[in-house]
Amino acid sequence: MYLIMGCTASGKSSLAGELAEHLGGEIISIDSMKVYRRMDIGTAKPSLQKRQQYTYHMIDIVEPWDYFGMGLYMELVEPLIERLRQEGKPIIAAGGTAMYIRGLMEGIFDGPPTNPELRQRLEEEIARNGSAALHQRLTEIDPAAAAKIHSNDKKRITRALEVFELTGKPISAFQEQFGSGKLKYPWQMFCLTREKESASRRINARVKKMVEEGLFDEVKTLLADPRGLSKQAAQAVGYAEVIKHFQGIWSAAEAVEKIKINTRQLAKHQRTWFRSFAGVNTLEVNDDDTAVGVAEKILALTK
RNA sequence: GGGCGGAUAGCUCAGUUGGUAGAGCAGCGGAUUGAAAAUCCGCGUGUCGCUGGUUCAAGUCCAGUUCUGCCCA
């Protein structure tokens, strides 16, 4: 079982393909945006050719207007992993959504899923009274969680209160997985890293290529459906900016520039996540390295 | 050639009656348990175009100079 992580545009996908080739395994995508059907160019999904060549899981599983989140991901991926293990299939899990990676490493707590009505009520309360007021309430019911969550952090305050209202138990009583150091599966874990300049160059090149391949048209087509995009899908880098362009907020050039900036910021956040993971082998990759070469290195290391 | 304005952080710009400078964005670092490509926290990175002058003290006032924008020839 291989777990491959890396920043956006670091070369994970080609590497996953090579590993699948050598091992005769199947690929599990770890990506919160590749799950949406027809969001292909902007999420850098594997090409049609690659998808005929190898078996990919966790891609194209919901409609762009659907809700998707970590809970659903875990619900779907765990039985899948069990099945592949039983079949004796090598697994290559690869992607860049760090929280999902962490979920694959250590699991998530067995708690209540998102409750849209409750969440909306809490959001309205935050809009009315400010997040500090709800943070104060959290301090009363769950001081441990409140100490860890900043009083401006709306999303985490909302989730913590949501869990308490649905279960009567504080969220901090559930959260034991992250940082436990106990791996759910016997992963061989690798993180691809590149020099920052090289990484930025690759990001700029990728964004340019996405635009040339028709990112704007892809978004236009998605928006043409009255069901549109869900909140989560509409936040994807590359989509959010183009949507703003079509709303008349940014020129096309401005939108493209913002995509580059936001992609670099995404990569930065990913780096911060990956640095915090224990037990992951770092693989320095430079511009001359090929996917085949990196795959061979990994196979040699895990013989 | 003449007139007026501008020149301060990587970018766009503030800067009071003179007291060695600060916002936004970018950047850097961090947190992260069912929205996570989300959300949030921390950090100012400077030859104030250049040269002189006035002054205890100049980004600020004065002279010159360079570049730049607009207007008039």
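The shown structure was predicted, so the numbers you read here are calculated from the model rather than taken from an experiment. Proteins come first, then strands; the chains are lettered A, B, ... in the order of their sequence lines, and each starts at number 1.
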Nearest-angstrom distance from the residue atom [atom1] of [X] to [atom2] of [N]:
X: Trp273(A); N: rG29(B); atom1: CH2; atom2: C1'; result: 16 Å
X: Lys154(A); N: rA38(B); atom1: NZ; atom2: C1'; result: 11 Å
X: Leu104(A); N: rU32(B); atom1: CG; atom2: C1'; result: 16 Å
X: Met99(A); N: rA31(B); atom1: CE; atom2: P; result: 15 Å

My understanding is that a pair needs two contacts under 3.5 Å, Watson-Crick or G-U wobble. By that rule, which nucleotide pairs with [N]?
N: rG27(B); result: rC43(B)
N: rG52(B); result: rC62(B)
N: rA37(B); result: none

*With P as the reference atom in both, quote the distance from rG10(B) to rG19(B) in angstrom, rounded to an integer.*
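Per the computed distance, 24 Å lies between those P atoms.
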
Please indicate whether [X] has more than 12 foreign heavy atoms, meaning atoms of other residues, nucleotides or ligands, lying under 6.0 Å from its [atom1].
X: Glu195(A); atom1: CD; answer: no
X: Gln49(A); atom1: CD; answer: no
X: Asp110(A); atom1: CG; answer: no
X: Gln120(A); atom1: CD; answer: no

Show me the protein contacts with nucleotides 41-43 of chain B, counting only N or O atoms at under 3.5 Å.
residue: rC41(B); atom: OP1; partner: Asn152(A); partner atom: ND2; Å: 2.7

*State, with a plain yes or no, whether a side-chain heavy atom of Asp142(A) is found less than 4.5 Å away from one of Lys169(A).*
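Heavy-atom side-chain distance check fails, nothing below 4.5 Å.
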
_Any N or O donor-acceptor pair under 3.5 Å from the base of rA35(B) to the side chain of Arg159(A)?_
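Looking at the base of rA35(B), it does not pair with any donor or acceptor on the side chain of Arg159(A) (distance under 3.5 Å).
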
*Answer yes or no: side-chain N or O of Arg156(A) and base N or O of rA38(B) forming a donor-acceptor pair under 3.5 Å.*
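For Arg156(A), whose side chain was compared with the base of rA38(B), there is a donor-acceptor pair (under 3.5 Å).
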
Can you name the atoms? Protein N/O to nucleotides 23-26 of chain B N/O, anything below 3.5 Å, with the distance.
residue: rA26(B); atom: OP1; partner: Gln265(A); partner atom: NE2; Å: 3.4

